[in-house]
**Student:** 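Once you've had a glance at the structure underneath, I'll fire off some questions.
Computed from a predicted structure; not experimentally measured.
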Amino acid sequence: MFRPAVAEVRMWQLRTIDNPSGAALWFSDGAPLTAMRGGSGASSRLIVDGLGFLDITDFQNGFPNGPVMDIVDCNGVDLDYTPNPSVQIDLSLSADARFAVTAVGSGQSGAGALKPLPTIDPADAAYLEAMIAQKYVPYQDIPDAPGKSAAEIRALGLQLFPFTPYSFPLAMSIYDWTTASFTRLVLMKIFAYTAMGRSPPPLDQPGIAEAIWESNWNTYNPSNADYMRSFLMVPADSLQNVQTQLAAVADQLQRFADIENRLLAAGFQSMPRTSTVDQAQLFSGQVDIYQLGTEHFGIEFLQCPLNAGPAGVPLQIPLQQALDDYIQVGDTLTTKMVWSFGSTYEEALQYQNGIILIANPPPGAWVWDAASYITPLSDGPDKIEYTFAPGTSFLVQSVEWSQDGKGDPLCLITLQALSD
């Protein structure tokens, strides 16, 4: 059954909250617990201190030819809207990270589990705080974005991550990712031989050095002090100089990147979710570090056979070989690095270097559990960005070839994010 779009906007509200454990409660939007919320596609995250997250996601029929469905979803528990323009919800929380919800009036009810809070190593947080104090984080000169002050980032951290004393490092790690620091965080992941059974894994240092040396975008080049400082180095005048510097700092640089990537993953896990009504698909132009080519796409995955080494074998594989060997329909891919996506195909087309990724949510998912909308913490307020943490797995749904606007070959890979 279908019906046309309607103008009425329904809302929901928590009427009562039974919280016998006394755990502190916050919504990540910063508004009071009993505020009216909703609107089709809106997802609000309730944070239960020490226990977990409850995502309350509003889906209303607001699209032409859309199905007749007015639902508030609470971590997989669905409550139908009553004929009234709003629904009030009674919420009960238990100390074992369970919850129960009842729609006032209709009596509909259900129970489920909170989504887990991330694990944050205090040593990781302390390390990043030290790097902030030494001005290695965040990136120090951002010529193409307004940026945020430390006070702004700290305030956003308190709002988004109030459940942890490490809210500032979490917020700063995400902010730093949106700057040119993302290059460090990517290179130190994809150029690692992750299947050699060593921790930390050996690095393809020649590949990293070449990528640093060949960077030439805006001020992000090896002659720029801020750019090289992001790699714990000083300006270089030759590839050999970059190689020499990298050899001296590689262990420290790898630790730096590993810690920040772990904090990124914890921050991503904690951000409010985006509903699949609001974003049915996500898009990414690859390879999005311009000095890298399609031969570096295949090394972004744990499934790449080159991860087994031996160390010294260059971590690069022709795209077609990767497509033939482990990027086929039905294969599972697991990322070594953070992946960034946007909301439109057109935007991905601007950043592509021969590949466009199209990501779909798991079947029946109300929210993107694996993807986080990080624009609120971005250095640029107009930079629409959704991120997947390292270790996210995807099912390959299709691989097709097309052309970009210049007539060059363009590989379109459609992926489905897999549930944990």
Side-chain angles (χ1 to χ4, degrees), residues 124-158 160-161 166-189 191 208-238 241-246 248-264 266-268 288-292 337-338 340 351 374-383 385 387:
D124 285 353
Y127 178 93
L128 196 70
E129 291 267 20
M131 297 303 277
I132 294 169
Q134 298 173 62
K135 298 190 181 301
Y136 287 105
V137 174
Y139 195 90
Q140 291 299 296
D141 181 26
I142 308 172
D144 52 357
K148 286 183 170 65
S149 68
E152 291 175 302
I153 297 166
R154 191 178 297 276
L156 284 166
L158 290 171
L160 294 166
F161 316 122
Y166 311 120
S167 60
F168 181 55
L170 289 189
M172 184 61 84
S173 67
I174 295 176
Y175 174 78
D176 195 38
W177 164 263
T178 69
T179 73
S181 292
F182 88 93
T183 305
R184 172 185 69 246
L185 296 166
V186 169
L187 296 183
M188 300 305 293
K189 282 294 186 182
F191 283 107
I208 297 170
E210 186 174 6
I212 294 171
W213 172 248
E214 291 184 352
S215 180
N216 190 27
W217 174 58
N218 206 321
T219 60
Y220 311 127
N221 61 72
S223 66
N224 181 271
D226 290 309
Y227 180 72
M228 294 303 288
R229 184 172 172 80
S230 75
F231 293 100
L232 309 182
M233 302 181 198
V234 297
D237 58 6
S238 69
N241 183 243
V242 175
Q243 292 171 336
T244 300
Q245 290 195 68
L246 179 60
V249 302
D251 291 346
Q252 184 183 356
L253 187 60
Q254 186 173 29
R255 181 184 180 218
F256 183 14
D258 285 348
I259 287 173
E260 197 165 4
N261 270 291
R262 287 196 293 268
L263 291 170
L264 279 171
F268 294 161
D288 57 3
I289 296 179
Y290 90 97
Q291 66 266 37
L292 301 182
M337 52 175 274
V338 174
S340 283
Y351 291 101
I374 65 168
T375 295
L377 278 166
S378 177
D379 66 343
D382 299 323
K383 189 188 296 182
E385 187 170 3
T387 48

**Student:** Write down the atom of Ala145, the atom of Asp379, and the distance for their closest heavy-atom approach.
**Tutor:** CB-O, 3.5 Å

**Student:** Is any side-chain heavy atom of Leu128 closer than 4.5 Å to one of Asp124?
**Tutor:** no

**Student:** Can the positive tip of Arg184 be found less than 6.0 Å from the middle of the six-membered ring of Phe231, inside 45° of the ring normal?
**Tutor:** no

**Student:** Is there a side-chain contact between Ile289 and Val186, using heavy atoms and a 4.5 Å cut-off?
**Tutor:** yes

**Student:** State, to 0.1 Å, how close Thr387 and Ser340 come at their nearest heavy-atom pair, and which atoms those are.
**Tutor:** CG2-OG, 3.6 Å

**Student:** Going by the rule salt bridge (Lys or Arg N to Asp or Glu O under 4.0 Å), which residues pair with Lys135 if we only count those two or more places apart in sequence or in a different chain?
**Tutor:** none

**Student:** OG1 of Thr178 to CD of Glu385: how many Å apart, nearest 0.5 Å?
**Tutor:** 6.5 Å

**Student:** With Tyr127, which of Ile259, Asp258, Ile132 fulfils side-chain contact (heavy atoms from CB on, under 4.5 Å)?
**Tutor:** Ile259

**Student:** Provide the closest heavy-atom pair for Pro146 versus Gly380 in the form atom of the first, atom of the second, distance.
**Tutor:** CD-CA, 4.2 Å

**Student:** Looking at CD1 of Ile208 and NZ of Lys189, how far apart are the two atoms once the value is rounded to the nearest 0.5 Å?
**Tutor:** 12.0 Å

**Student:** Closer than 3.5 angstrom, by distance alone: can the side chain of Gln252 be matched with the main-chain N or O of Val249 as a donor-acceptor pair?
**Tutor:** no

**Student:** In the structure I gave you, are the side-chain heavy atoms of Glu129 and Phe168 within less than 4.5 Å of one another anywhere?
**Tutor:** yes

**Student:** Between Leu232 and Tyr136, does a side chain to side chain contact (heavy atoms under 4.5 Å, CB included) hold up when you go through it step by step?
**Tutor:** CA-CA 8 Å; Leu232 309 182; Tyr136 287 105; 3.6 Å; yes

**Student:** Do the non-hydrogen side-chain atoms of Leu246 and Leu253 ever get within less than 4.5 Å of each other?
**Tutor:** yes

**Student:** Side chains of Asp144 and Trp217: closer than 4.5 Å at any heavy-atom pair?
**Tutor:** yes

**Student:** Can you tell me how far CZ of Arg229 sits from CG of Asn224, rounded to the nearest 0.5 angstrom?
**Tutor:** 12.0 Å

**Student:** Find out whether Phe256 and Val137 are in side-chain contact, i.e. whether some heavy atom of one side chain is under 4.5 Å from a heavy atom of the other.
**Tutor:** yes

**Student:** Quick one: are Val338 and Phe268 in side-chain contact, heavy atoms under 4.5 Å?
**Tutor:** yes

**Student:** What is the distance from atom CG of Asp141 to atom CG of Asp226, rounded to the nearest 0.5 Å?
**Tutor:** 5.0 Å

**Student:** To the nearest 0.5 Å, tell me how far Ser167 OG sits from Ile153 CD1.
**Tutor:** 12.0 Å

**Student:** So, Lys148 side chain and Ser378 main chain: donor-acceptor pair closer than 3.5 Å or not?
**Tutor:** yes

**Student:** Go through the steps to decide whether Met228 and Ile212 satisfy the test side chain to side chain contact (heavy atoms under 4.5 Å, CB included), and finish with yes or no.
**Tutor:** CA-CA 8 Å; Met228 294 303 288; Ile212 294 171; 3.9 Å; yes

**Student:** Where is the tightest heavy-atom contact between Gln245 and Ala236, given as atom of each residue plus distance?
**Tutor:** NE2-CB, 4.0 Å

**Student:** Set out, in order, the CA-CA distance, both residues' side-chain angles and the distance that settles side chain to side chain contact (heavy atoms under 4.5 Å, CB included) for Tyr139 and Tyr227, then state yes or no.
**Tutor:** CA-CA 8 Å; Tyr139 195 90; Tyr227 180 72; 3.4 Å; yes

**Student:** Of all residues at least two apart in sequence or in a different chain, which pass the side-chain hydrogen bond (donor to acceptor under 3.5 Å, both in side chains) check with Asn216?
**Tutor:** none

**Student:** I'd like to know whether Leu264 forms a side chain to side chain contact (heavy atoms under 4.5 Å, CB included) with Asn261, so could you lay out the CA-CA distance, the side-chain angles of the two residues, the decisive distance to 0.1 Å, and finally the verdict.
**Tutor:** CA-CA 5 Å; Leu264 279 171; Asn261 270 291; 4.1 Å; yes

**Student:** On a heavy-atom basis, which atom in Pro143 and which in Asn218 lie closest, and how many Å separate them?
**Tutor:** CG-OD1, 3.8 Å

**Student:** Could you grab the distance from atom CZ of Phe182 to atom CD of Glu260, nearest 0.5 Å is fine?
**Tutor:** 13.0 Å

**Student:** Can Thr183 and Tyr220 be counted as having a side-chain donor-acceptor contact under 3.5 angstrom?
**Tutor:** no

**Student:** Give the minimum heavy-atom separation between Gly147 and Glu152, together with the two atoms involved.
**Tutor:** O-OE1, 4.5 Å

**Student:** Sequence neighbours left out, what passes side-chain hydrogen bond (donor to acceptor under 3.5 Å, both in side chains) with Ser181? Give chain and number order.
**Tutor:** Asp176, Thr179

**Student:** Without swapping roles, check the side chain of Thr375 against the backbone of Lys383 for a donor-acceptor pair under 3.5 Å.
**Tutor:** yes

**Student:** For the residue pair Gln140 and Pro138, establish whether any side-chain heavy-atom pair is separated by less than 4.5 Å.
**Tutor:** yes

